[in-house]
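Read the numbers this way: they start at 1 and go in the same order the structure lists the ligands and their atoms.
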Amino acid sequence: MTNLDQKAIKTLATLSLEEINAAKSGHPGIALGAAPIMYTLYSKVLKVNPLDPHWINRDRFVLAAGHGSSLLYASLHLAGFDITCEDLKQFRKLKSKTPGHPEIEATLGVDATSGPLGQGIPEAVGMAIAESHLRNKYNKDDVKIIDHYTYVLCGDGDLQEGVTQEAISLAGHLQLSKLIILYDSNNIQLDGKVSMTNTENVKEKYQAMGFSYYLVEDGRDCEEILKAIKKAQKSLSPSLIEIKTKIGAGSCWEDSNKSHGNPLPEEEVHRFRQELGGEAFSVSSDVYDLYKKHQENNLKIYNKEKENEKKYQHEYHNDYDIFYKQIYGDFNIDIHKDLPNYLVGEKKATRASSGEILTLLSQKDPRFIGGSADLASSSKVKGIDGDFSKDNRLGRNLVYGVREHAMAAISNGLALHGGFKPFCGGFFVFCDYMKPAIRLSSLMKLPVLYIFSHDSIAVGEDGPTHQPIEQLTMLRSVPNLNVIRPCDSIEVKEAYDVYLHSPNNPTVLVLTRQDVENIRKEEKENQLAKGGYIIKKETLKLQKILIASGSEVKLAIDVACALEKESIGTRVVSMPSFYLFDKQNQEYKEDVLPKEIAKVAIEASDATHYYKYLSTDDKLINMHTFGESAHASVTMDYFGFTVEKILKEIK
Ligand SMILES: Cc1ncc(C[n+]2csc(CCOP(=O)(O)OP(=O)(O)O)c2C)c(N)n1
Ligand SMILES: [Mg+2]
């Protein structure tokens, strides 16, 4: 390790400390302990181009330990990304490029929003799956257009989270050799020593899951770190490099959890700066030059790869055309031409029509990749071209096993990589296991498609453990998340159309296990896209409006017919998506749901969100308890979801 290496590492650490002390909050422990790792990555390893931060063939880097954000921002600054010293001074301030934890929208060069421990590793697994699929699909013997590594920096906390163990087990099974996890192993976490709660043998544990394991005993030594990374790059398995570091290294709180999340005393930060020299937030030119040298080399690689791409375009123009569309373009699907025609009166479970549509879309659009958590046959959530495996990188069915949480986080990673429309799913009730990752899809505005079947107490005999109650309310409460509960196959088709035109938000489809009847004719204009619309117009003077979603829409129509027989003019509004309905203009909303008309909302679930369309005299017929184990028709009757019982309730 040269003196300049040492100086550069100290610069990186000091900038991070200065950010934290300017903000009066942040995490100096990791910034000091892991500075040599980040220095090695950004000055010697990562293939990135600050002039083209979204370059598809760049190495990906996920800071799973998102609390090390100050270190990432300082690294991006030194590497020449669009972050100035002024930006570093704005650390954790409103609308800065340097928010509290890394956010993809705020900062160019950040590959994943991170902070919730556990999410970063499965996201990196998703990125590595993406790379491996594209590499095997497009590269030719004489010209390669996709070939990069995915690196993650994680801490003890990340590896304690269950979701990382799901993802690592799968990555090892799939032998994703270009995935390299750098483990900042400091035996300290927020509340104290890791040894208070962990005793396992790290090496044996990850080797048993199919990983290569490397140990760097002195995490201050960037040459040792680089050597381990070089070995990992050549490994045929994914790698975990355990790097023994000291939290808060070199400070008065070294090796203490005190340094985890408290700014160091001012005089300590001054001491670091004094030892280094220069003003606060300054960097000496030899340190900038060192990073620049790496970036100049990267630029050569970048230019060479762009030439490769041109050569590829010239020699393999058909493949290039698809590659281009997959990465940058679209496949322009027309649901009216490309998807089946569903007829009024036909009966089909919405999970079944979803499955048919998903397969057809996957055939027409190579960006579709995904699968289910051991419920492909039940939920009809399955990719095509066979199972993705270590022997078949072209398979687009991802066999997740019962690993729901990792499945959702891996889907985020696939979307973050670019070139994919990832989907995943299973039973609706188990979306609980996926919520942290769904929240991040929404925060990152990723076009992940979640497909859930078995959507209500109509699941039947499996009983209350399998009958979702509060899940709709939970997901409807997540900002940016389009939760769609279609009432029939025609609405399913329209829901997929909405999804195809939603590049900036995740979509959730909530589907029935049981058959439902197609209610209306398909129209040129996508009715579901309005979120809520009149599915059955009143034939007499309007006196009542019934609002429902999913399988309860047909029930509402039957109730409306009964009411009209009693000369009560009744309208039925299908409300598949509150998210979309709320985006309509006021005039449309009032047209569909005039204020002065009495309303009844019906949903076999908790349905709190209907209250925003109801007044105090209106009625909400929904679930207030968990379900019961019995045949679907019995549970629906028991909880009052029959025409007779609803009529009685209304009267
Ligand atoms: C899911 C989740 N739980 C809790 C936290 C709060 N938190 C942030 S860092 C941290 C400690 C993690 O320990 P480690 O990864 O060893 O980081 P170190 O203290 O070594 O920097 C905790 C509990 C979080 N960010 N995410
Ligand atoms: Mg730690």
Requested in this report: Compile the protein residues with any heavy atom at a distance under 4.0 Å from an atom of ligand 1; present them by chain, then by number.
Outcome: Ile30, His67, Gly115, Pro116, Leu117, Gly155, Asp156, Gly157, Glu161, Asn186, Ile188, Gln189, Leu190, Ile247, His260
Query - Basic-acidic side-chain contact under 4.0 Å: Lys205, Glu200 - result: yes
Query - Salt bridge present between Glu275 and Arg271 (N-O < 4.0 angstrom) - result: yes
Would you say the rings of [Y] and [X] are close, in the sense that their centroids are separated by under 6.0 Å?
X: His454; Y: Phe428; answer: no
X: His77; Y: Tyr288; answer: yes
X: Tyr42; Y: His294; answer: no

Query raised in the report: Looking only at side chains, do Asn257 and Gln189 share a donor and an acceptor under 3.5 Å apart?
Result: no
**Report entry** Number of protein N/O/S atoms that sit closer than 2.8 Å to the Mg ion (ligand 2)
**Finding:** 3
Query raised in the report: Looking at Ser237, Ser235, Ser132, which one forms a side chain to side chain donor-acceptor pair (under 3.5 Å) with Gln175?
Result: Ser237
Query raised in the report: Pairs in or reaching into residues 155-199: which pass ring-ring contact (aromatic ring centres under 6.0 Å, His included), with residues at least two apart or in two chains?
Result: none
**Report entry** Residues forming a side-chain contact (heavy atoms from CB on, under 4.5 Å) with Ala232, sequence neighbours excluded
**Finding:** Ile180, Tyr214, Ser239, Ile241
